[in-house]
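Every number for a ligand or one of its atoms is a count from 1 in the order of the listing.
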Amino acid sequence: MTAMARAPKVHLLGLGSMGTVLAVNLLRFTNAAVIPLFRSKEKVDRFQTEGNSTIGIREIYDKKSPLFTCKLEECECPETYQGGPIKNLVVTTKTYQTKDALQPYLPYINSSTNLILVQNGLGVLELLRDEIFTGKSSRPQLFQGVISHGVYLEKGYIYNHAGWAPMKIARIPWEETGIIQRKKDAQADRAENELVALLMEQPFAQFFGTQHMTYQELLVGQLYKFLVNACINPVTSIMDSLNGEIVDDCSDIFTLIVDECLQVLELSYSRIFNYEDVYQNQKEYPDMKVKSVLNTEHMVRQIIEIGCVINAKNSSSMRQDTLYLRDTEIEYINGYIVKLASRFKIEAKTNRAIVSLVNLRLGLNRRRANVGD
Ligand SMILES: NC(=O)c1ccc[n+]([C@@H]2O[C@H](COP(=O)([O-])OP(=O)(O)OC[C@H]3O[C@@H](n4cnc5c(N)ncnc54)[C@H](OP(=O)(O)O)[C@@H]3O)[C@@H](O)[C@H]2O)c1
C-alpha cells in the first residue's frame, strides 16, 4: 500500500484565514481528512451550531469563481481530544500564538509527527527548540511553509482568497549544522514523507502552488519575504497608511531597516550568505543566487516595487491588526532582529525603534478606543 492509498489525517491548529484556505484546498483536491483543533469547547460548539461545521473560500482573484464550501466531519479542542498520536499537524496560528496553541497537544506529538509551520516571520523555530521540544529524541519532523497567498475574513467561517502566489515548503533542520541540504534529501522527503507527499500531490500542488525545495532555497525566499514584511508592515502601521501612500518617501527608512536586518542576518545565517562561494557548481546541491538578491540596494528597490507599487491599494496585515486593536506579529519580524542582535552582542537600534513605534501606535489606538481622542 502506498502512503497515498489511505486517507492521511491532517490536524490543523489555527482555523483562521490561512488555515481555512489550506483546509478547503486540501479537501477539494486530495483525499485527506482535515481535523481542526479549536481553542475551546465553546469555539467547537459555535462552529458546529452557528457555522454548521462548514468553511468556505471565495477566490476573489478569479472573478468567475464560485464559493467553495466544505463540511468538516470531525473537530476537536483541548477538552475533547482523546485521539492517539498526531501524524500530520499544520500550524496556521499567528506566530505569537504558537506556544499556547501547541501546549495541550504536546502529549500527542512525537518523533513520527510531521509538523509544518505556515506562518510569517522568523523565530518560531528557536521557540520550539528552546522552550517546547527541549528533548531531542521526541522532536517532531519539522517543516516550514512560506506563503504569499492573501486571505481575509468575509464573515462567519467564509474567507476571501484575494491574492494567489506559490507556497514554498521545506524540511527545517533542528540544528544549525543541518541548514544546507542536498537535492536528494528533499527528493527523499517527497517520496517517503506523508505530509510532503500530500502537499505535493497533484492537482493540489498545482492549484495551491506548492513548491518543495531544500531548506537553504526556502530560507533565501523566507529572508526575502521577511525583509519585505520588516519594512511594509511596521511602517504602514506606524504611519497608518495604505502601502501606496508612502511610495515617494519611504526609501530612507526602508534602507535603514533593511541594512540593519541584513547585517544581523548575515551573522546568524552566514552559511546562507556564503553559500555561493562554497557550493556553486557542486552537483549535489542546488544553485542559488544569494548576494545579488539579499543586498540592501536591490531589496529596497524590490520592496518599494512589490509593496508600494504593485500592492499600492493594500492595507498591510499589521496595519489592520493595529486598526482593529489586535496584537501584532512585530516580535517575530523586527523584534526577531533585535533579539538576534543581542545574541551577537550588538545593537539593532533602528529595528528596536520600529518595534517601539508599532507598540506605541497600537497602544495609542487602544487608548483612543477606550477614552476617546
Ligand atoms: N492572512 C494572510 O493573508 C496571510 C498572508 C501571509 C502570511 N500570513 C501568516 O499566516 C499566519 C496566520 O495568519 P492568519 O491571517 O491566518 O491569522 P488568523 O486569521 O488570525 O488565524 C489564526 C487562527 O489561529 C487560531 N488560534 C489562535 N490561538 C489558538 C489556540 N490557542 N488554539 C487554537 N486555535 C488558535 C485563531 O482562533 P481564535 O479565533 O480562537 O483566536 C485563528 O482562527 C500568520 O503568521 C500570518 O502572518 C497570513
When distances are taken from atom 26 (N) of ligand 1, the protein heavy atom at minimum range is Thr93 CG2, 3.8 Å

Can you sort out which atoms of ligand 1 are near Leu15, meaning under 4.0 Å from one of its heavy atoms?
43 (O)

Taking atom CD of Gln82 as the centre, does the number of heavy atoms from other residues, nucleotides or ligands within less than 6.0 Å exceed 12?
no

Looking at atom 2 (C) of ligand 1, what's its closest protein heavy atom, distance included?
Val151 O, 3.6 Å

Kindly indicate whether atom 36 (C) of ligand 1 is approached by any protein heavy atom to under 4.0 angstrom.
no

For ligand 1, which part of Tyr152 has a heavy atom less than 4.0 Å away: the side chain, the backbone, both, or neither?
neither

Pick from Lys94, Arg39, Glu76, His161: the one approaching atom 32 (N) of ligand 1 most closely through a non-hydrogen atom:
Arg39

The protein heavy atom nearest to atom 5 (C) of ligand 1 is His149 O, 3.1 Å

Polar contacts were defined as any N/O atom of the residue lying under 3.5 Å from an N/O atom of the ligand; does this apply to Gly16 and ligand 1?
yes

Should the pair Glu175-Arg139 be classified as a salt bridge under the 4.0 Å nitrogen-to-oxygen rule?
yes

Could Lys99 and Asp130 be called an ion pair, given the rule that one side-chain N must be under 4.0 Å from one carboxylate O?
no

Quick look: Gln97 vs ligand 1, heavy-atom contacts under 4.0 Å, and the answer is side chain

Closest candidate by heavy atom, reference atom 14 (P) of ligand 1, pool Ser17, Gly19, Ala101:
Ser17

Identify, by atom number and element, the atoms of ligand 1 in contact range of Phe38, meaning under 4.0 Å from any of its heavy atoms.
33 (C)

Please report the C-alpha distance between Ile55 and Phe47 in whole Å, then the side-chain angles of each, then the deciding distance to 0.1 Å, and finally whether the side-chain contact (heavy atoms from CB on, under 4.5 Å) criterion is met.
CA-CA 9 Å; Ile55 53 175; Phe47 178 62; 3.8 Å; yes

In the protein, what heavy atom is nearest to atom 8 (N) of ligand 1, and what distance, to one decimal place, separates them?
Ile147 CD1, 3.6 Å

Give me the residue, atom name and distance of the protein heavy atom closest to atom 24 (O) of ligand 1.
Gly14 CA, 3.3 Å

Is it the case that one hydrophobic cluster holds both Phe226 and Val358, taking links as side-chain heavy atoms less than 4.5 Å apart, direct or via other members?
yes

Checking a contact table here: which protein heavy atom is nearest atom 4 (C) of ligand 1, and how many Å away?
Met18 CE, 3.5 Å

In the protein, what heavy atom is nearest to atom 45 (O) of ligand 1, and what distance, to one decimal place, separates them?
Glu329 OE2, 2.8 Å

Give the residue and atom name of whichever protein heavy atom lies nearest to atom 39 (O) of ligand 1, and the separation in Å to one decimal.
Lys43 NZ, 3.0 Å

Under a heavy-atom criterion of less than 4.0 Å, does Gly150 contact ligand 1?
yes

Between Thr92 and ligand 1, which part of the residue brings a heavy atom under 4.0 Å of the ligand: side chain, backbone, both or neither?
backbone

